[in-house]
> 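Below: one structure in structure tokens.
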Amino acid sequence: VQLQASGGGLVQAGGSLRLSCAASGRIFSINSMGWYRQFPGNKRDLVADIISGDSTNYADSVKGRFTISRDNAKNTVYLQMNSLKPEDTAVYYCNANIRDCSNYRYLDYNYWGQGTQVTVSS
């Protein structure tokens, strides 16, 4: 399974960006997809995720500004980021928890995409 992320870049404060992440490969079903971000010297923290059934979770710092959505037919997750702030500057990573079915056994695997830089200038 591969996760291909895109959509990062440089934007002024108050602007918007949309991140996309497409999963491809051996996929039986997708349990969840989401976005994490990592500030220099810090661990990755959850930004938002969407569980099968469309239940969503957001970090408090992005509630009301970011929206996560999923296109199940395309195995793609999106993160619409509005009202961006300089403190949103980070490397954003796509994450997916994917179920494989092999020999009548279900196994869940966690995958990460390559990071995409989001820079918000003041």
Side-chain angles (χ1 to χ4, degrees):
V1 174
Q2 289 186 328
L3 301 182
Q4 182 65 47
S6 61
L10 172 64
V11 65
Q12 288 188 329
S16 298
L17 283 174
R18 188 192 195 207
L19 304 182
S20 300
C21 176
S24 61
R26 183 185 173 93
I27 298 172
F28 177 77
S29 63
I30 298 178
N31 298 319
S32 67
M33 295 188 79
W35 292 93
Y36 288 67
R37 64 187 180 187
Q38 187 169 18
F39 303 110
N42 287 25
K43 63 178 179 64
R44 293 179 193 178
D45 293 322
L46 177 69
V47 176
D49 65 8
I50 183 164
I51 314 299
S52 60
D54 293 335
S55 172
T56 59
N57 298 293
Y58 293 93
D60 288 342
S61 59
V62 307
K63 284 180 181 177
R65 300 187 298 122
F66 292 10
T67 302
I68 191 168
S69 61
R70 194 166 121 180
D71 185 332
N72 292 325
K74 296 181 179 179
N75 290 334
T76 299
V77 66
Y78 305 96
L79 185 68
Q80 179 65 44
M81 304 185 293
N82 298 328
S83 302
L84 282 160
K85 304 175 181 180
E87 50 264 42
D88 294 317
T89 295
V91 179
Y92 286 69
Y93 293 91
C94 175
N95 174 270
N97 189 271
I98 291 174
R99 175 155 292 182
D100 185 25
C101 180
S102 177
N103 296 325
Y104 304 101
R105 294 180 61 197
Y106 295 115
L107 295 172
D108 296 337
Y109 297 92
N110 206 42
Y111 296 94
W112 292 94
Q114 84 281 11
T116 184
Q117 177 71 46
V118 171
T119 302
V120 184
S121 63
S122 56

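These values consider heavy atoms only, across backbone and side chains, with no hydrogens, waters or symmetry-generated copies.
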> Among residues two or more places apart or on two chains, list those pairs meeting disulfide (SG to SG under 2.5 Å) that have a residue in residues 83-115.
Cys21-Cys94
> Nearest 0.5 angstrom please: Phe66 CZ to Leu19 CG, how far?
8.0 Å
> Can you tell me how far apart OG1 (Thr67) and CD (Gln80) are? Round to the nearest 0.5 Å.
7.0 Å
> My understanding is that only residues two or more places apart in sequence, or in another chain, count here; which of them pass side chain to side chain donor-acceptor pair (under 3.5 Å) with Gln114?
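Checked Gln114 against side chain to side chain donor-acceptor pair (under 3.5 Å); zero matches.
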> Sequence neighbours left out, what passes side chain to side chain donor-acceptor pair (under 3.5 Å) with Arg26? Give chain and number order.
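Partners of Arg26 under the side chain to side chain donor-acceptor pair (under 3.5 Å) test: Asp100.
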> Looking only at heavy atoms, which two atoms of Ala48 and Leu79 are closest? And how far apart?
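That closest heavy-atom pairing would be CB-CD1, 4.2 Å.
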> Drop me the distance from Ile50's CD1 to Ser55's OG, to the nearest 0.5 angstrom.
8.0 Å
> For Asp88, check salt bridge (Lys or Arg N to Asp or Glu O under 4.0 Å) against everything at least two apart and list the hits.
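Checked Asp88 against salt bridge (Lys or Arg N to Asp or Glu O under 4.0 Å); matches are Arg37, Arg65.
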> Could you identify which residues cluster with Trp112, counting Ile, Leu, Val, Met, Phe, Trp and Tyr as linked when any side-chain heavy atoms lie under 4.5 Å apart, either directly or through a chain of such contacts?
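When side chains under 4.5 Å apart are linked, the cluster holding Trp112 also contains Tyr36, Leu46, Val91, Tyr93.
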> Under the 4.5 Å side-chain heavy-atom rule for ILVMFWY, direct or indirect, which residues accompany Tyr106?
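Same cluster as Tyr106: Phe28.
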> Where is the tightest heavy-atom contact between Asn42 and Gln38, given as atom of each residue plus distance?
O-NE2, 2.8 Å
> Which salt bridge (charged side-chain N to carboxylate O under 4.0 Å, His left out) pairs, counting each pair once, include a residue from residues 104-115, with sequence neighbours left out?
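Sorted pair list: Arg99-Asp108.
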> Can you name the side chain to side chain donor-acceptor pair (under 3.5 Å) partners of Lys85, sequence neighbours left out?
none
> To check you understand the geometry: which heavy-atom pair defines the closest contact between Trp35 and Tyr78, and what is its length?
NE1-C, 3.9 Å
> When you compare the side chain of Asn75 with that of Ile27, does any pair of heavy atoms fall below 4.5 Å?
yes
> By ring pair (Phe, Tyr, Trp, His ring centres under 6.0 Å), which residues pair with Tyr104, not counting sequence neighbours?
none
> Locate the shortest heavy-atom distance separating Ala96 from Met33; write the atom from each residue and the value.
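Nearest heavy atoms, Ala96 then Met33: CB-CG, 4.0 Å.
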> Determine which pairs satisfy side chain to side chain donor-acceptor pair (under 3.5 Å) with at least one residue from residues 4-20, sequence neighbours left out, and list them in order.
Ser16-Asn82
> Take Tyr92 and Val47 through the side-chain contact (heavy atoms from CB on, under 4.5 Å) test and state the conclusion after the steps.
CA-CA 9 Å; Tyr92 286 69; Val47 176; 4.0 Å; yes
> Going by salt bridge (charged side-chain N to carboxylate O under 4.0 Å, His left out), name the pairs with one or both residues in residues 48-59, residues two or more places apart or in two chains.
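Sorted result for residues 48-59: empty, none.
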> Measure the spacing between OG1 of Thr56 and NZ of Lys63 and express it to the nearest 0.5 Å.
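Here the rounded value is 9.5 Å.
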> Within the structure provided, determine whether Val77 and Ile68 are in side-chain contact (heavy-atom separation under 4.5 Å).
yes
> Pair Glu87, Thr89 - check side-chain hydrogen bond (donor to acceptor under 3.5 Å, both in side chains), show working.
CA-CA 5 Å; Glu87 50 264 42; Thr89 295; over 6 Å; no
> What are the two closest heavy atoms between Ile30 and Ile98, and how far apart are they?
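Minimum heavy-atom separation between Ile30 and Ile98: CG1-CG1, 4.1 Å.
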> Starting from Ile51 and following side-chain heavy-atom contacts under 4.5 Å between hydrophobic residues (I, L, V, M, F, W, Y), which residues can be reached?
none
> Which heavy atom of Ala23 sits nearest a heavy atom of Leu3, and at what distance?
CB-CD2, 3.5 Å
